[in-house]
Amino acid sequence: MNREPPPESSAQKLGRRESELRAARRANLAALRRLGYDPFAVTRFDVSAHAAELSARYAGLAADADPPQERYALAGRLMAIRKMGKKAIWSDLWDRSGRLQLYVREDVLGAQAFAAFDAVDVGDIVGVGGTVFRSQKGELTLRVFSFEVLAKALAPLPDKWQGLVDVEKRYRRRYLDLIVNEEVRRTFVLRSRILAELRRFCDERGFLECETPTLLHLAGGALARPFRTHHNALDIELDLRIATELNLKRLIVGGLERVYEIGRIFRNEGIDRTHNPEFTMLELYAAYWSVNEMMEFNEELFAHLVSLVGKGEQLEFGGRLLSFKRPFKRIAYFEALQRFGGLERSRLLDPAGAAEVLTELGLPPSQTHGQALDKIFERVAEPHLVDPTFVYDYPVVISPLAKRKAGDPDVVDRYELFGANVELSNAFTELNDPDDQRARFEAQALERTSGDTEVPPPDWDFVAALEYGMPPTAGIGIGVDRLVMLLTDQHSIQDVLLFPLQRPPSHQTHSD
RNA sequence: GCGCCUUUAGCUCAAUGGUAGAGCAUCGGACUUUUAAUCCGCUGGUUCUGGGUUCGAGUCCCAGAGGGCGCACCA
């Protein structure tokens, strides 16, 4: 496999400067060991407090007040060291909660331990014990009475002031990005909280989190090219899933009634600011709901998330303020195209008419009627959808798994939620008529044989499941990464994925 | 896949075709309340890779690699 060589074996590849920086750190490691502080021999450290906790607890502590006597133990990475003469050192310790300044004095710590602290480098991980006081410049500080080195950083860290800016290095060595760029850490902490909140919100409403397989004999439920893989023992080809839809609906047939999955989806497509080959999707299905109940659920969920991370009911994104005040705007699909593009529904419903519109808009011809409608909508309507807006009554031709609207067979009970000009969720009343489902799969099979490689082969087993009866059900899909982008004001999917897919690094020419 | 931009010290960035530099970090020195600590001093380079043009290439040309942006693709 393509792996970087171990750093030490590639020493001769380092610039002379970097090897000197590393040598200096190794010299300090040796000094620490001589003094009886072997960093890599330590197996644990009792942490009794975190930086942010202490800052909050002693926010009212005055500089001239008698400092409290309580001893606290903290552990973290030293991100700055300011030496004042030979007998005092100021340092910044970062733990997962934030930063706390340390004040280390020889007369407090003792000669031996102070000598050891003198051999510590920026980036080293230490455990310290001491009492808090407020410095003359007004900063809460830990007076260090004891300390241990818990790990040595043998490699030099990026510049503390400029940080790590090189985007490629940030993605390839995310750990450095997280060490040095606080806002990056904040984004991922927030992502974790959003994920937890999604689960809590669904669990609270009686939804069961289910795990369906990622390895499938046949990837369906969406239009996308799957990744292929091979299982050795069974000697069969497998697909990585492109959606969780069909299996979750099998669970609805099975009577679980309310299910969801927050799952990794794989699509063998290009990479850009809004696409990564693997991404996270929330799919949720509720028996006995129509798309209208789902819309309410959706609205409540998004308003809730915005209330957690935004400014009240508003969310700042890209310098614009989006209002998530309920109710969100609503507009029918064809009404949007009429309003924003002056396009007639009857013309768009006709494949030839849609193809004409495509040409009039200066867009390249599309293979299918459905694709043409998607392109037209994207060009004509999406630029107007800034505040969250439910677009409902989608045409049946682009909705193979949705139930037709009563009294209007050309459209289905489906909506998409748009915000900041992108699709945020997609929901519909699920098709549960096995005969209709079979017919739509057959139509898709024709598209597939006529060359559309993204149409999945029909999943007849799914039709068989529907024949046992699936209750009326509404389903929703939410692209979690794009939701996190929206909520954290990030504009590239790579900035909400810890390890976005990158090409293999260029300088790994060795193959051993 | 196509186009544009980009790659120089550990990090962030300079350098008309003419001796590769700065800040931070490192290293040495001064300083027991500093916080981008400050002050003094010394270092540090396969200019992404491979070719070519030229008396001379970080700079120009060709090919390749990585990255970014745009287009195409993308339920």
Side-chain angles (χ1 to χ4, degrees), chain A residues 12-25 27-28 63 79-92 99-108 114 121-123 133-139 141 143 153 155-172 176 180 221-225 242-243 245 265 267-277 279 281 363-364 366-368 370-371 373-375 377-378 394 397-402 414 416 423 425-426 428 453-456 477 479 491-492 494 500 502-509:
Chain A
Q12 65 275 55
K13 280 176 65 186
L14 300 174
R16 194 174 152 221
R17 191 70 203 133
E18 180 171 357
S19 60
E20 280 174 14
L21 292 174
R22 286 173 179 271
R25 285 167 180 268
N28 279 335
M79 294 305 289
I81 296 173
R82 299 178 287 280
K83 295 187 178 178
M84 295 285 304
K86 293 210 176 305
K87 297 183 187 286
I89 301 171
W90 297 90
S91 184
D92 295 335
R99 186 184 79 108
L100 187 72
Q101 179 169 260
L102 307 180
Y103 184 41
V104 185
R105 289 172 60 119
E106 189 185 39
D107 53 9
V108 174
F114 187 84
D121 292 300
V122 169
F133 70 102
R134 195 163 292 282
S135 74
Q136 280 178 9
K137 297 286 170 65
E139 176 151 354
T141 304
R143 187 181 306 272
L157 261 62
D159 187 275
K160 71 175 174 225
W161 182 238
Q162 305 287 353
L164 185 67
V165 175
D166 184 323
V167 179
E168 179 184 354
K169 208 160 287 181
R170 284 186 45 226
Y171 296 152
R172 288 191 193 280
L176 289 180
V180 168
L223 288 184
R225 284 217 305 271
I242 57 174
E245 171 145 4
I265 302 293
R267 295 186 182 174
N268 209 335
E269 289 161 359
I271 299 173
D272 64 28
R273 236 179 26 209
T274 55
H275 295 83
N276 194 67
F279 61 100
M281 180 106 99
L363 294 167
S366 290
Q367 274 190 335
T368 62
Q371 194 187 29
L373 288 179
D374 275 339
K375 292 289 163 200
F377 190 86
E378 188 181 314
Y394 266 66
V397 281
I398 53 176
S399 313
L401 298 163
R414 172 185 175 191
E416 287 196 9
E423 178 197 333
S425 68
N426 174 22
F428 41 87
T453 54
E454 294 190 334
V455 178
H491 298 252
S492 169
Q494 301 184 98
Q502 299 282 104
R503 281 198 167 79
S506 56
H507 295 301
Q508 297 182 4
T509 46

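Heavy atoms only: backbone and side chains are in, while hydrogens, waters and symmetry mates are out. Keep in mind the model is a prediction, meaning the values are calculated, not measured. We name chains A, B, ... by the order of the sequence lines, and we start the count at 1 in each one.
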field: Nucleotide paired to B/rU43 in any strand shown, Watson-Crick or G-U, under 3.5 Å
entry: none
- prompt: Given the C1' atoms of B/rU53 and B/rC60, what is the spacing between them in whole Å?
  reply: 8 Å
- prompt: When we call it a touch if two heavy atoms are under 4.0 Å apart, what does A/Phe133 touch: a base, just sugar-phosphate, or nothing?
  reply: base
- line: Residues at least two apart in sequence or cross-chain that pass salt bridge (Lys or Arg N to Asp or Glu O under 4.0 Å) with A/Glu454, listed by chain then number, are none
- line: With the side chain defined as heavy atoms from C-beta on, A/Arg172 is closest, among B/rU32, B/rG66, B/rC11, to B/rG66
- request: Return no unless some side-chain N or O of A/Lys86 is found under 4.0 Å from OP1 or OP2 of B/rA30.
  value: yes
- request: Determine the interatomic distance between C1' on B/rA75 and the same-named atom on B/rC2; round to the nearest Å.
  value: 25 Å
- request: Just name whichever nucleotide pairs with B/rA30, Watson-Crick or G-U, keeping both distances under 3.5 Å, else none.
  value: B/rU38
message: Going by purine N1 to pyrimidine N3 plus the second Watson-Crick contact, or the G-U wobble pair, all under 3.5 Å, which nucleotide sits opposite B/rA72?
response: none
- request: Identify which nucleotide among B/rG10, B/rU34, B/rU32 has an atom closest to any side-chain atom of A/Glu18, counting heavy atoms from C-beta outward.
  value: B/rG10
- prompt: Is there a donor and acceptor pair, one atom on the side chain of A/Glu106 and one on the base of B/rU32, closer than 3.5 Å?
  reply: no
- prompt: Reckon A/Lys169 touches a base, only the sugar-phosphate, or nothing at all at heavy-atom distances under 4.0 Å?
  reply: sugar-phosphate
Audit row: A/Ile89, A/Phe114, side-chain contact (heavy atoms from CB on, under 4.5 Å) steps and yes/no: CA-CA 9 Å; A/Ile89 301 171; A/Phe114 187 84; 3.9 Å; yes
message: Run the side-chain contact (heavy atoms from CB on, under 4.5 Å) test on A/Arg22 and A/Arg25 for me, step by step, so that the C-alpha distance in whole Å, both residues' side-chain angles and the decisive distance to 0.1 Å come before the verdict.
response: CA-CA 5 Å; A/Arg22 286 173 179 271; A/Arg25 285 167 180 268; 5.7 Å; no
query: Which class fits the ring pair A/Phe377 and A/Tyr394: parallel under 30°, tilted 30 to 60°, perpendicular over 60°?
result: tilted
- line: On RNA chain B, more 5' by nearest nucleotide between A/Asp159 and A/Glu139 is A/Asp159
Return the polar atom pairs (N/O with N/O) between nucleotides 13-15 of chain B and the protein under 3.5 Å, or none.
none

Crowding at CZ, A/Arg273 (>12 non-hydrogen neighbours, <6.0 Å): no
message: If the cut-off is 4.0 Å, is A/Arg503 near the phosphate of B/rG66, judged by side-chain N/O to OP1 or OP2?
response: yes
- request: Select one nucleotide: of B/rC11, B/rG44, B/rU33, the one nearest the side-chain heavy atoms of A/Gln162.
  value: B/rC11
- request: Of all the heavy-atom pairs spanning A/Ala243 and A/Ala222, show the shortest one and how long it is.
  value: CB-CB, 4.1 Å
- prompt: Which part of the nucleic acid does A/Gly370 contact within heavy-atom distance under 4.0 Å: base, sugar-phosphate only, or nothing?
  reply: nothing
query: Taking all atoms of both residues into account, what is the closest heavy-atom pair of A/Val122 and A/Ala80, and its distance?
result: CG2-CA, 4.3 Å
- prompt: Run the side-chain contact (heavy atoms from CB on, under 4.5 Å) check on A/Val108 and A/Tyr103 step by step: do they pass?
  reply: CA-CA 10 Å; A/Val108 174; A/Tyr103 184 41; over 6 Å; no
query: Which value, in whole Å, describes the distance between the C1' atoms of nucleotides B/rU54 and B/rG18?
result: 12 Å
task: Using Watson-Crick or G-U wobble geometry with both distances below 3.5 Å, tell me the partner of B/rC60, or none.
output: B/rG52
query: Which one is paired to B/rU12, where only Watson-Crick or G-U wobble pairs with both distances under 3.5 angstrom count?
result: B/rA22
- prompt: Taking everything shown except A/Arg99 itself, do over 12 heavy atoms lie less than 6.0 Å from its CZ?
  reply: yes
task: Begin with the C-alpha distance, continue with both residues' side-chain angles, and end with the deciding distance and a verdict on side-chain contact (heavy atoms from CB on, under 4.5 Å) for A/Arg267 and A/His275.
output: CA-CA 9 Å; A/Arg267 295 186 182 174; A/His275 295 83; over 6 Å; no
- prompt: What string of B, S and - do you get for nucleotides 68-75 of chain B, 5' to 3', when a contact is any protein heavy atom under 4.0 Å?
  reply: SSS-BBBB
B/rU34 phosphate, OP1 or OP2, under 4.0 Å from A/Lys137 side-chain N/O: yes
